[in-house]
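Structure first, commentary second.
This one's a predicted model, so the numbers in the text were calculated from it and none came from an experiment. Letters A, B, ... mirror the listed sequences (proteins, then strands); counts begin at 1.
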2 protein chains.
Amino acid sequence: MTDAAFDTPGPDHEDAPRGATRSLTVTERIRTAILAGDFEAGARLHEVRLSERLGVSRTPVRSALQSLASEGLLEYAPNRGYAVRRFSTAEIVDAYEIRAVMEALAARFAAERGLPDQEREAIERVLADGDDLLARTELGEEERIVYSAINGTFHEAIHSAARCRMLTDMVRLCHSVPHSSHRNVISFEHMDVRRRHDDHHRIYDAILACDAYRAEMLMREHVASVKTSLVRALSGRPLPRRGR
Amino acid sequence: MTDAAFDTPGPDHEDAPRGATRSLTVTERIRTAILAGDFEAGARLHEVRLSERLGVSRTPVRSALQSLASEGLLEYAPNRGYAVRRFSTAEIVDAYEIRAVMEALAARFAAERGLPDQEREAIERVLADGDDLLARTELGEEERIVYSAINGTFHEAIHSAARCRMLTDMVRLCHSVPHSSHRNVISFEHMDVRRRHDDHHRIYDAILACDAYRAEMLMREHVASVKTSLVRALSGRPLPRRGR
DNA sequence: GAGGCGCAATTTGTATACATTATGACTTGA
DNA sequence: TCAAGTCATAATGTATACAAATTGCGCCTC
């Protein structure tokens with residue numbers, strides 16, 4: 001709650017990036033705090049308290065709260081303000097299902113429209129990085145964190161290749177649901193990073209081959225499969241050991 | 001531009017619905033104006049002019065513009081304000097593809113989770129209404145408008161049955177794209193209302209039978225098929241008026 | 001003691017004044 | 001003539017004062 005990184009760095013700090021208004025800065029800081037869990041679910045966010053802690057007036061704070069509410073991170077009720085949104089387990093799982101469908105469509109678009117050079121290079125680089133990383137026999141915590149970044153870059157390159165803004169926006173919406181970001185998958189994808197990396201290769205092959213149907217199906221299963229691990233993790237049951 | 005319905009009805013009009021702030025009222029009025037095509041695409045919306053025309057201060061206007069931008073109706077650039085978003089033909093078509101995938105997922109959820117009584121009754125009623133309407137041999141303009149409402153109710157009942165807020169939100173986002181609302185299909189679905197109504201029956205049957213796969217596939221094809229008609233209409237002649 | 005009424009304190013909503021940034025026209029120099 | 005710089009203008013961004021709504025507490029009544 002009293003996170004030092006959150007409180008005001010002073011009005012003369014002035015590292016203002018060009019083109020950034022206070023509203024945008026404040027939005028980003030509050031968003032980060034929420035995603036970091038600095039506020040508990042359901043907690044109300046009082047405009048005055050926030051503005052005092054952040055060292056700005058209520059105006060940019062109100063603007064930020066409105067933004068975050070439309071992102072789905074906050075609940076709003078007229079004359080009653082904003083509160084941190086609660087996500088039920090069902091909502092978190094559903095978000096995965098939705099993300100699976102959206103990313104699958106992105107993969108289809110990429111296959112239909114062809115990979116721009118930039119995205120093709122990014123994907124090939126990241127696939128090679130993954131190959132190198134997974135060549136090691138042992139995968140420790142550190143390797144999984146690195147792989148998480150690789151995973152994120154892969155998926156972002158696909159979205160970018162889809163060249164569809166609405167799709168990008170919607171996937172971003174999915175990422176505002178806790179546990180639903182591909183940056184967070186490390187927490188429950190421990191078991192088979194290798195299988196997931198192989199999925200990436202196949203998806204890339206399908207896109208290169210302009211096989212839209214296969215790209216879509218593979219991506220859908222790829223994302224949806226995490227849902228199973230997630231459900232297991234959320235219900236607190238241990239991961240089953242399999243052969244292979 | 002100078003739409004009488006848009007300009008201020010006077011500050012003493014006071015038909016304020018309970019729980020509605022000025023920000024919300026203004027948001028609704030500007031949204032309606034945009035969807036009705038009162039502003040041309042790319043036009044900038046000046047805060048002062050809007051606030052004068054609407055008889056309120058800049059504060060609720062700014063709030064409204066921010067809302068509409070996050071709905072995707074406006075573009076925002078820091079220090080440069082808001083402008084009516086331009087939608088390319090590609091974006092409009094893509095929105096249909098996205099809507100197809102989302103509504104298909106909604107149909108799947110409905111099949112998996114079962115239809116609540118309220119939605120089941122709504123769908124059965126609307127299917128029967130459609131049967132009656134289509135029993136006539138001739139379908140004029142008026143019948144198609146009536147069927148458009150029937151179509152909308154059917155699709156909304158499915159969303160509602162999916163019981164997934166994020167899905168509902170995203171479908172709503174799709175509807176903010178011109179020509180992409182199921183309330184608008186009359187303009188290019190002239191050709192086979194009967195086929196589309198038959199789709200509705202099959203989708204309902206699949207949901208009743210808890211056949212999630214079939215419900216999803218049918219709904220996806222049902223929505224995506226309109227895309228074909230849309231592409232034909234858009235390429236055939238210039239864009240008809242936005243909205244409605 | 002339970003329930004309802006009303007006031008006061010707190011919080012959000014709105015208006016407005018001021019600060020800051022973009023924009024375009026004008027000037028000035030090469 | 002053109003380019004670059006400057007300054008005026010007009011727009012957006014922010015702060016703050018005030019209005020309206022909600023909420024909780026205390027009191028009164030039954």
Side-chain angles (χ1 to χ4, degrees), chain A residues 1 7-31 39 42-70 73-85, chain B residues 1 7-31 34 39-40 42-70 73-85:
Chain A
M1 189 90 90
D7 290 293
T8 172
D12 53 348
H13 199 258
E14 293 301 352
D15 48 353
R18 180 182 150 65
T21 65
R22 277 198 235 287
S23 295
L24 295 174
T25 310
V26 167
T27 305
E28 185 52 37
R29 287 176 68 184
I30 300 180
R31 182 193 293 115
F39 305 96
R44 285 186 57 180
L45 297 188
H46 296 270
E47 298 174 3
V48 259
R49 291 184 209 166
L50 281 175
S51 59
E52 282 165 2
R53 283 183 64 183
L54 294 167
V56 296
S57 78
R58 278 177 60 210
T59 309
V61 171
R62 279 178 66 82
S63 170
L65 293 177
Q66 191 182 331
S67 286
L68 296 170
S70 64
L73 252 55
L74 301 177
E75 297 272 7
Y76 169 74
N79 288 310
R80 294 178 55 181
Y82 298 84
V84 179
R85 175 157 163 202
Chain B
M1 191 88 95
D7 290 295
T8 172
D12 54 347
H13 198 258
E14 293 301 354
D15 47 354
R18 179 181 152 67
T21 65
R22 278 198 235 286
S23 295
L24 295 174
T25 310
V26 167
T27 304
E28 186 52 37
R29 286 177 68 186
I30 299 180
R31 183 193 292 116
I34 294 173
F39 305 97
E40 44 190 304
R44 284 185 58 178
L45 297 188
H46 295 270
E47 297 173 3
V48 260
R49 293 183 207 168
L50 282 175
S51 60
E52 282 165 3
R53 282 183 65 183
L54 294 167
V56 298
S57 78
R58 278 177 60 209
T59 309
V61 171
R62 278 179 66 82
S63 169
L65 293 178
Q66 191 183 331
S67 286
L68 296 170
S70 65
L73 252 54
L74 300 176
E75 298 272 7
Y76 169 74
N79 287 311
R80 295 179 54 182
Y82 298 84
V84 178
R85 176 157 162 202

Notebook entry, point to check: Residues in side chain to side chain donor-acceptor pair (under 3.5 Å) with B:Ser63, at least two apart?
Noted result: A:Gln66
Notebook entry, point to check: A:Leu50 CG to C:dT10 P: how many Å, rounded?
Noted result: 18 Å
Notebook entry, point to check: Where the side chain of A:Arg62 is concerned, which of D:dG13, D:dA15, C:dT14 is the nearest nucleotide?
Noted result: C:dT14
Notebook entry, point to check: Which nucleotide, D:dA11, D:dA15, D:dG13, lies nearest any side-chain atom of A:Pro60?
Noted result: D:dA15
Notebook entry, point to check: Going from CZ on B:Arg22 to CG on B:Leu54, what distance comes out if it is rounded to the nearest 0.5 angstrom?
Noted result: 11.5 Å
Check: What's the CZ-P distance between B:Arg49 and D:dA10, to the nearest Å?
Finding: 11 Å
Margin query: Expected output is a numbered-order residue list: members of residues 73-80 of chain A with a heavy atom under 4.0 Å from any atom of DNA chain D. What is it?
Written below: A:Asn79, A:Arg80
Next item on the list: Tell me what A:Ser23 touches on the nucleic acid: a base, only sugar-phosphate, or nothing, going by heavy atoms under 4.0 Å.
Entry: sugar-phosphate
Check: Looking at residues at least two apart in the chain, or sitting in another chain, which of them share a salt bridge (charged side-chain N to carboxylate O under 4.0 Å, His left out) with B:Arg58?
Finding: B:Glu47
Check: Got a second to check how far B:Leu50's CG is from B:Leu65's CG, nearest 0.5 Å?
Finding: 6.0 Å
Notebook entry, point to check: Counting any heavy atom closer than 4.0 Å, what does A:Leu65 reach on the DNA or RNA strands: base, sugar-phosphate only, or nothing?
Noted result: nothing
Notebook entry, point to check: Looking at A:Arg44, does any N or O in its side chain come under 4.0 Å of the phosphate oxygens OP1/OP2 on C:dT11?
Noted result: no
Which atom pairs, one a donor and one an acceptor, fall under 3.5 Å between side chains of residues 74-83 of chain B and the rest of the protein, sequence neighbours left out?
| unit_1 | atom_1 | unit_2 | atom_2 | d |
| --- | --- | --- | --- | --- |
| B:Glu75 | OE1 | A:Arg165 | NH1 | 3.2 |
| B:Glu75 | OE2 | A:Arg165 | NH1 | 3.1 |

Note to self: Classify A:Leu24 by what it touches in the nucleic acid, base, sugar-phosphate, or nothing, heavy-atom distance under 4.0 Å.
What the structure shows: nothing
Checklist line | Spacing between B:Glu52 atom CD and C:dT14 atom P, to the nearest angstrom | finding: 18 Å
Item checked: Presence of A:Arg22 side-chain N/O under 4.0 Å of D:dA15 phosphate oxygens OP1/OP2 -> yes
Notebook entry, point to check: Which nucleotide in the list C:dA15, D:dG13, C:dT11 gets nearest to the side chain of B:Glu47?
Noted result: D:dG13
Check: Using a cut-off of less than 4.0 Å, is there contact between a side-chain N or O of A:Thr59 and OP1 or OP2 of D:dG13?
Finding: no
Notebook entry, point to check: Heavy atoms, side chains only, cut-off 4.5 Å: are A:Ile30 and A:Leu73 in contact?
Noted result: no
Checklist line | side chain to side chain donor-acceptor pair (under 3.5 Å) against A:Arg31, all qualifying residues, sequence neighbours excluded | finding: A:Glu28, A:Glu71
Notebook entry, point to check: Between B:Arg58 (CZ) and C:dA19 (C1'), how many Å, whole number?
Noted result: 11 Å
